[in-house]
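A note on names: the letters A, B, ... follow the listed sequences, proteins ahead of strands, and every chain is numbered from 1. No experiment lies behind these values; they were computed from the predicted model shown.
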Amino acid sequence: MTDGALLTGTAGWLFVVFAALALGSAISVVVARNPVHSALFLLFSFLLVACIFILQQAEFVGAVQILVYAGGIMVLFLFVVMLVNPRTVQEVKAFQHQWDVALLLMPVFLIPFAYILWTEKLPAVAGNPDAFRMVRGRLAGNTEAVAWSLFRDYLLPFEVASVFLLVAMIGAVVLGKRSLERMD
Amino acid sequence: MTITINHYLIVSLLLFAVGFFGVLVRRNFLTVLMSIELMLNAVNLNFIAFSRRLSDLTGQVFSVFVITIAAGEAAIGLALTISLFRQRKTLNVEEADTMRG
């Protein structure tokens with residue numbers, strides 16, 4: 001592997017295809033008038049980003065991306081779209097009145113980052129192709145390596161995340177209740 | 001085609017910019033939430049790219065955490081959407097202006 005190259009050959013071209021399609025569907029999410037179309041383009045974009053993860057030897061994160069985003073969050077979005085009648089949601093004006101100003105300001109947002117990318121040269125790092133499969137000196141799978149890191153080095157953040165999900169669940173149930181007075 | 005970290009950063013930056021634009025200009029609350037998900041996804045792309053470049057697993061672990069937070073955020077946001085729709089019969093973010101100063 002040459003210095004600093006993350007992907008070469010066919011994998012590089014695959015990355016270009018995936019990235020272009022993901023960007024195209026992301027733009028479609030923002031532009032589409034119908035929320036159902038937006039949700040389906042978002043699903044497509046998530047799947048393509050999962051493909052990019054798998055190209056980067058992050059197989060576990062790619063699978064989680066498909067399961068959680070494409071499986072869970074997407075179903076939640078479509079469920080809400082069907083709960084609120086899409087006919088009442090679809091409006092004549094999809095954009096706020098300042099959209100043209102926002103579009104003009106986007107280059108101003110992008111130029112500093114483009115400048116940094118153009119000038120800054122990141123230091124070369126010796127790559128280790130087996131880094132995502134090594135568990136205590138032996139060759140295992142990516143899932144096992146992530147599990148070792150998650151349950152040994154990041155056990156406390158992991159538990160805090162579970163508490164966060166519990167709080168989010170309680171909050172969603174309370175907010176989604178029809179009326180707080182009629183609860184008791 | 002040789003892909004370096006810069007290509008990843010460019011793709012991630014553009015995805016983030018598209019999501020940011022959506023948050024700024026869309027009137028439909030559901031589409032605003034979807035744009036936030038796009039931005040979180042762009043951040044994950046950066047985590048994975050740097051994790052690969054530095055041969056460090058920590059980036060992958062943190063993108064799992066980001067996905068967790070995104071799931072919680074989507075659940076709360078969609079509950080708010082339903083609550084807003086019940087009270088105002090609209091999903092337009094411009095009409096939810098009770099606290100306008």
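For the set B:N44, B:T81, B:L54, the count of heavy-atom pairs under 4.5 angstrom toward chain A peaks at B:N44. Ranked by heavy-atom pairs under 4.5 Å with chain A, the list B:L78, B:I69, B:L80 is led by B:L78. The candidate with the highest count of non-hydrogen atom pairs below 4.5 Å against chain A, out of B:I67, B:V11, B:V23, is B:I67. Options B:T31, B:L14, B:V64, B:V32 differ in how many heavy-atom pairs under 4.5 Å they form with chain A, and the most are formed by B:L14. Here A:W99 is the residue among A:W99, A:W148, A:F79 with the most heavy-atom pairs under 4.5 Å with chain B. Listed options B:A79, B:A42, B:S55 were ranked by heavy-atom pairs under 4.5 angstrom with chain A; first place goes to B:S55.
For the atom pair CZ of B:R26 and OG of A:S38, the computed distance is 5.5 Å after rounding to the nearest 0.5 Å. Taking CZ from A:F41 and CE from B:M34, the interatomic distance works out to 12.0 Å, rounded to the nearest 0.5 Å. A:F132 CZ to B:S51 OG: the interatomic distance, rounded to the nearest 0.5 Å, is 3.5 Å. The CD1 atom of A:I52 sits 9.5 Å away from atom CD1 of B:I3, with the distance rounded to the nearest 0.5 Å. To the nearest 0.5 Å, atoms NE2 (B:H7) and CG (A:L7) are separated by 10.5 Å. From B:T58, atom OG1 reaches atom CG of A:D153 across 7.5 Å, with rounding to the nearest 0.5 Å.
Counting all heavy atoms, side chain and backbone alike, B:T68 lies closest to A:A161 at CG2-CB, 4.2 Å. A pairwise comparison of heavy atoms in A:S45 and B:L38 identifies OG-CD2, 3.8 Å as the closest pair. Nearest heavy atom pair, residue A:S149 against residue B:V61, reads OG-CG2, 3.4 Å. B:I76 and A:A172 make their closest contact through CD1-N, 3.8 Å (heavy atoms, listed as atom of the first residue, atom of the second, distance). Closest of all the heavy-atom pairs between B:V25 and A:A102 is CG1-CB, 3.5 Å. Between B:S83 and A:L175 the shortest heavy-atom distance is CB-O, 3.9 Å.
Contacts of A:V68 with chain B are made by side-chain atoms alone, with heavy-atom separations under 4.5 Å and no backbone atom involved. Looking at A:L14, there are no atoms closer than 4.5 Å to chain B (heavy atoms on both sides), in backbone or side chain. Contact annotation for A:F164: only side-chain heavy atoms (C-beta onward) come within less than 4.5 Å of a heavy atom of chain B. Contact annotation for A:L165: only side-chain heavy atoms (C-beta onward) come within less than 4.5 Å of a heavy atom of chain B. Only the side chain of A:F15 comes within less than 4.5 Å of a heavy atom of chain B; its backbone N, CA, C and O stay farther away. Of the atoms belonging to A:V31, it is backbone heavy atoms, and not side-chain ones, that fall under 4.5 Å from chain B. In this structure, the portion of B:V93 lying under 4.5 Å from any heavy atom of chain A is its side chain and not its backbone. For A:A32, the part lying under 4.5 angstrom from a heavy atom of chain B is the backbone only. Heavy atoms of A:A11 lying under 4.5 Å from chain B are absent altogether. For chain B, the nearby parts of A:L76 are the backbone and the side chain; heavy atoms of each come within less than 4.5 Å. With a threshold of 4.5 angstrom between heavy atoms, B:F21 approaches chain A through its backbone and through its side chain. Interface remark: A:F60 contributes side-chain atoms only to the contact with chain B (heavy atom separation under 4.5 Å).
Remark: side-chain polar atoms of B:R52 are not paired, donor with acceptor, to backbone N or O of A:Q57 under 3.5 angstrom. Side chain of B:R86 to main chain of A:G176: a donor-acceptor pair is present (N/O by atom type, distance under 3.5 Å, no hydrogens or angles).
Inter-residue side-chain proximity for B:F85 and A:L83 is flagged as unmet; no heavy-atom pair is nearer than 4.5 Å.
Identified by a heavy-atom distance below 4.5 Å to chain B, the contributing residues of residues 110-119 of chain A are A:L110, A:F113, A:L117, in residue-number order.
Using the six-membered ring where Trp is involved, A:F109 and B:F20 have ring planes that are tilted, between 30° and 60° apart.
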The test is ring pair (Phe, Tyr, Trp, His ring centres under 6.0 Å); show your working for B:F62 and A:Y154 and say whether it passes. CA-CA 9 Å; B:F62 268 83; A:Y154 297 99; 5.4 Å; yes
